[in-house]
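Before any comments, here is the structure.
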4 protein chains.
Amino acid sequence: MGINARFVFKERPQSGALGLRSVLLGEPEGSQVLVKIHSASICGTDLHVYKWNAWAARTYQPPFRLGHEFGGTVVAVGPGVTDIKPGDHVTAETHISCGNCHQCRLNRRHTCDNLQLFSHLGLGCFSDHTLVPAAALRTIPHDIPLDHLTMMEPLGIAVRAVTDASVAGAQVLVLGCGPIGLFAIAAARAYGAASVIATDLSPYRLQLAEQLGANAVINPERESLATTTADVMIETAGSEAAFVDALMHVRKGGRVIFASLPDTSFAIDITQHVVLREITISGVYGRRIDETWIQVERLLRTHGSALARLLTHRFPLQDFDAAFALAASREAGKIVLVPN
Amino acid sequence: MGINARFVFKERPQSGALGLRSVLLGEPEGSQVLVKIHSASICGTDLHVYKWNAWAARTYQPPFRLGHEFGGTVVAVGPGVTDIKPGDHVTAETHISCGNCHQCRLNRRHTCDNLQLFSHLGLGCFSDHTLVPAAALRTIPHDIPLDHLTMMEPLGIAVRAVTDASVAGAQVLVLGCGPIGLFAIAAARAYGAASVIATDLSPYRLQLAEQLGANAVINPERESLATTTADVMIETAGSEAAFVDALMHVRKGGRVIFASLPDTSFAIDITQHVVLREITISGVYGRRIDETWIQVERLLRTHGSALARLLTHRFPLQDFDAAFALAASREAGKIVLVPN
Amino acid sequence: MGINARFVFKERPQSGALGLRSVLLGEPEGSQVLVKIHSASICGTDLHVYKWNAWAARTYQPPFRLGHEFGGTVVAVGPGVTDIKPGDHVTAETHISCGNCHQCRLNRRHTCDNLQLFSHLGLGCFSDHTLVPAAALRTIPHDIPLDHLTMMEPLGIAVRAVTDASVAGAQVLVLGCGPIGLFAIAAARAYGAASVIATDLSPYRLQLAEQLGANAVINPERESLATTTADVMIETAGSEAAFVDALMHVRKGGRVIFASLPDTSFAIDITQHVVLREITISGVYGRRIDETWIQVERLLRTHGSALARLLTHRFPLQDFDAAFALAASREAGKIVLVPN
Amino acid sequence: MGINARFVFKERPQSGALGLRSVLLGEPEGSQVLVKIHSASICGTDLHVYKWNAWAARTYQPPFRLGHEFGGTVVAVGPGVTDIKPGDHVTAETHISCGNCHQCRLNRRHTCDNLQLFSHLGLGCFSDHTLVPAAALRTIPHDIPLDHLTMMEPLGIAVRAVTDASVAGAQVLVLGCGPIGLFAIAAARAYGAASVIATDLSPYRLQLAEQLGANAVINPERESLATTTADVMIETAGSEAAFVDALMHVRKGGRVIFASLPDTSFAIDITQHVVLREITISGVYGRRIDETWIQVERLLRTHGSALARLLTHRFPLQDFDAAFALAASREAGKIVLVPN
């Protein structure tokens, strides 16, 4: 039996080089789950693969299937799966933890010492169906629109950052208006930030930032942060110059959350920035499992349609090339691929 | 009337150049308090003044009186002083806050936007008597030995660092065994650290570290941190190379507290250190006013004699030159000057 | 010179017995501030005085002037006042702390061991002008409508309760829809509660609760809490039966904040409620000075007009009797008295 | 094959009625683990079973095997066990969680909605061998003396209570000097309490309290708490009168942790105790899984021999009747049964 599924593949180790292939998916075995994809979205790491940067070359071996952000419906489950059943709406938590290491025992499963990444397994979700390990799936109640599920994983990073930052009543500065930054803007407003100022170089993205709730937006190429003072800064851009400049605008005792993965080291003036001004800098690598998932589900219930403004473009699955080209242009929010 | 007091002066803008001068101190006016010095200790910033580095040259104008760490007894108070009286045992909190700025309103008075520093006023305490603004004084109950009071201000920095780090049950790594590092070792053990590993280049200081409770000591010139894993790191050394190396030994989700003031920027690999490993880095500039003072007083009650091991040398006031020379050699803990 | 001001007085130790009297207010002396009242509101404790219950009889000695919630403009300041000037918009923080006791040293000034209460000084604000100690005043920027200032003190209690409860993403249950409960509903929504369920016996107040953002309202005389599950409960009603019933609906690990002052002890099943379900119960007596004030100011900036829906009725000062009668009926939100 | 093991049984539903029986234990199946018992200790709940109180009658159906606190060595494991192997030193975490419920997803596995209790399964450990589900076992490194493992589960409750209370630099009041109270005294001192005052009616236990580190002990039948002021109170006695009296001695803003399971409701004056004095009351039901286990292991490493003073009596397994009689007398610390 099985299902013939079409998948977007990274075909060769070079820029671009995507293609659509048909794969015969067998019945789910063990703890596998067969999911019918409703929609899937392009992540920043998918773009690294598309452009085939150094990180992608280190991490993957073409050909392999692309994608890990999706929403879908369970078709069938393997014999070892007890808590997921056909008909369930599901999305994926990329981080699969071991449950036994020191980090897992500390309930920090997202930094498990033996972490497996769904996104590194090459199983893919830019397709009509896919097979996913049950441990990577989260079942989402049907009152959340199926269309919103593909947002949950990246939204979770933003929610984690905003939660760690404690934004209720705070003046928040968000550096960078890619999807994580944009979700952080919306989450900060939802959780009671007194104000959110956002920066980016793209006018398109700054406009999106305003639609998602930013009180003010700044293009650092054209204007300075001037008199901005923030209690909290959320960094999603990865630029050293922008970061160091912005750090001067964080109030004494303020908090800085990194949710980007810069390519180079940052020169930080420990004395001026960290000690004399008692700044706290911390990093967010993943969603807290499963506290963040519970928060994300609830946030979608109260602010789902506002957050969905970030899903700016939809392409049929076969137009994957146009979708990736647009994603690479930065003139978009989240781009969604829809199988048909 | 008044008192003829002898003070150690920084005489000229050059290395060394200390001298003893007699100053006629009048009756305390306004909110001044006249204190008879029991003992005073040499701080790292006094050493900067002694050596006349760039920071000292920017901050001070010789001649001026030196010193701000002391314990003493109140002799007389100005007419505006209501909560301090003759006979009280006192020591100084260097940071004098305004009470009205945003930081003060947030109960972060140690980072007051209009902060005055007792240590920058040139009033001095390497003397037999001195006049101090009441706002800089803390009254300490008589059950704390008068001899221990000169430790309270620097000990407070270490207690603040250890408190921010939450060391109960934690494996702690202390970089640098100067007075702040040594106090941090003792405070970490007192507050239930599972273990404390300390690093320094000076064999003398590493021996002191063991006396103050370090479970293991490491001289980074001779051995590596090897298999060390820490939940918490307290940085008091200010060396970029040592810091970056040590950062690899802090566990995922760990906390790093800076209590040093490095001269240069540190190149920090945000991706590897801060984000992927979810490290939190924060700075400690001062004692929490007055939570930290309450903690320090209590810590002296339970661990006073152990902490006093750090007071390794005592000099009569007139031997200030020998005292500063020893302090500069790093072959000492805290050095105490005693008027006679 | 001076100003002839009209004040609402509690005339005699019995229910009602209010009257309007003229008082000659002299020039402000020492740290006094003369304030022109823009508007003032009736607090629950004013109602206790109106009805002359046991607490009022213990606390006050008629005749005295009533009221402590107001917004106004500074007319003149005493010679000891440095940080307030004529033209400033002001409102009062009832709690005046000493600054020196253990609680103040812990930055818990709202529970100062030597607390003075503006509301117990009988200085009053149901008037056209009044004299207030500078220590009880807070200066509010002019971008906050003067009309909103009389909300700040009671709103501060609700903001403190909601802040202590950490409501971002939480399901919140508010018991009681008096002004504190209603403000708590609005603050909980502003700070990102996933949902707010509110209870009260008055249909009028339940309607107000919905206007202020409650997702559902329950009249416990007519319906049970049924399947309600809350992460957080904020108690503002003071009823033992309602509390004990509601406690069963707080999730394991949940938080209960008391912002009411019940007349009697509550029988709490420590084993079932507190230990087996690991519930945390805590009390809120006052605003954190001044963290809560900063939050309230910012909340008025983002949600001021929504919060102002709670100011349901306005009376000219001379109609104080009608205003108090309405307040006693519970068929109102906050009632405002406006001098003319 | 299998092993003939001797077990202490509760034979009949009445006070006493213990007996020794031989049981043939088969090879471990599924996720079972066969453990050779090194030593086991009597818990308060074992005493309830011994005395056959109402709770025991509701919970158990004789005959069944007694005991759940033990240390031992793994003999053999079932085919489904992957992370435990013969030779491992093990002890039991009574709480077995499902991993899927809302509480588990919040990393509150000790209050799992589908909690299974090893101690309610009637599997027993007052024996020479026993079969335990792997999910209830914790593997403990061999550098912790095998003799100390039977302390870990009850010590974990005390460590959790002390951790929740944040005792570094705090004045701590412990009500009740049963095993949990005594462990809490030792843990509070280890984690840097400024002082610990302990209360109990038994002179024997008060003496033990002093040996475990209490700075002062009080027998409430003979003396009052007088001038005691505590920042933190840990309740392990379950007496309403003692609790309500003690509550007056907790400082404003203080924390109260319940680690007892009182039989009756407590009348708490919400206004005086909880609101006006801003006290926080919370309950501790279990160890945090596995944060508390990590802490306990580390505490045994640094303070193991001091904590072992609480193991006051050892009986050979066959003297179970004498052991239980002594436990019921309250003239003992922890009582250990040793198979031979």
Side-chain angles (χ1 to χ4, degrees), chain A residues 55 101-104 106-113 115 157 160-161 164 169-171 180 229 231 235-240 243-244 247 251-286 288, chain B residues 55 101-104 106-113 115 157 160-161 164 169-171 180 229 231 235-240 243-244 247 251-286 288:
Chain A
W55 170 84
C101 71
H102 189 79
Q103 293 287 317
C104 285
L106 288 172
N107 290 316
R108 296 182 47 83
R109 286 191 278 158
H110 61 296
T111 53
C112 170
D113 290 329
L115 198 65
I157 292 290
R160 168 82 198 286
D164 279 15
Q171 295 167 334
I180 302 298
T229 308
D231 303 305
E235 213 288 342
T236 73
S239 150
E240 182 184 18
F243 171 72
V244 170
L247 207 43
R251 209 186 284 281
K252 282 178 278 187
R255 304 176 291 286
V256 173
I257 311 285
F258 266 97
S260 65
L261 293 169
D263 292 329
T264 59
S265 287
F266 282 15
I268 297 181
D269 183 335
I270 298 292
T271 297
Q272 291 302 322
H273 289 137
V274 175
V275 182
L276 295 185
R277 308 183 59 239
E278 292 201 347
I279 301 298
T280 293
I281 298 175
S282 54
V284 160
Y285 173 61
R288 282 202 174 268
Chain B
W55 170 83
C101 70
H102 189 79
Q103 292 288 316
C104 285
L106 287 173
N107 290 316
R108 295 184 45 86
R109 286 191 278 157
H110 61 295
T111 52
C112 169
D113 290 329
L115 198 65
I157 292 290
R160 168 83 197 286
D164 280 15
Q171 295 167 333
I180 301 298
T229 309
D231 303 303
E235 212 288 342
T236 74
S239 150
E240 181 183 18
F243 171 72
V244 170
L247 207 43
R251 209 187 285 279
K252 283 177 278 187
R255 305 175 291 287
V256 173
I257 311 285
F258 266 98
S260 65
L261 293 168
D263 292 329
T264 58
S265 287
F266 282 15
I268 297 180
D269 184 335
I270 298 292
T271 296
Q272 291 302 323
H273 290 136
V274 176
V275 181
L276 293 186
R277 308 183 58 239
E278 292 203 346
I279 301 297
T280 293
I281 298 175
S282 55
V284 161
Y285 173 61
R288 283 202 172 267

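These figures come from a predicted structure and were not determined experimentally. These values consider heavy atoms only, across backbone and side chains, with no hydrogens, waters or symmetry-generated copies. Lettering follows sequence order; numbering is per chain, from 1.
Just one of I268(A), T264(A), L261(A) meets the side chain to side chain contact (heavy atoms under 4.5 Å, CB included) condition when paired with I270(B); it is I268(A).
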Stepwise side chain to side chain contact (heavy atoms under 4.5 Å, CB included) check, D113(B) with K252(A): CA-CA 9 Å; D113(B) 290 329; K252(A) 282 178 278 187; 2.7 Å; yes
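Note on residues 273-285 of chain A: pairs passing side-chain hydrogen bond (donor to acceptor under 3.5 Å, both in side chains), not counting sequence neighbours, are E278(A)-R108(B), E278(A)-H110(B), E278(A)-R160(B). Residue pairs meeting the salt bridge (Lys or Arg N to Asp or Glu O under 4.0 Å) criterion with at least one partner in residues 253-273 of chain B, sequence neighbours excluded, are absent.
With a threshold of 4.5 angstrom between heavy atoms, I279(B) approaches chain A through N, CA, C or O but not through any side-chain atom.
For the set V256(A), L106(A), V284(A), the count of heavy-atom pairs under 4.5 angstrom toward chain B peaks at V284(A).
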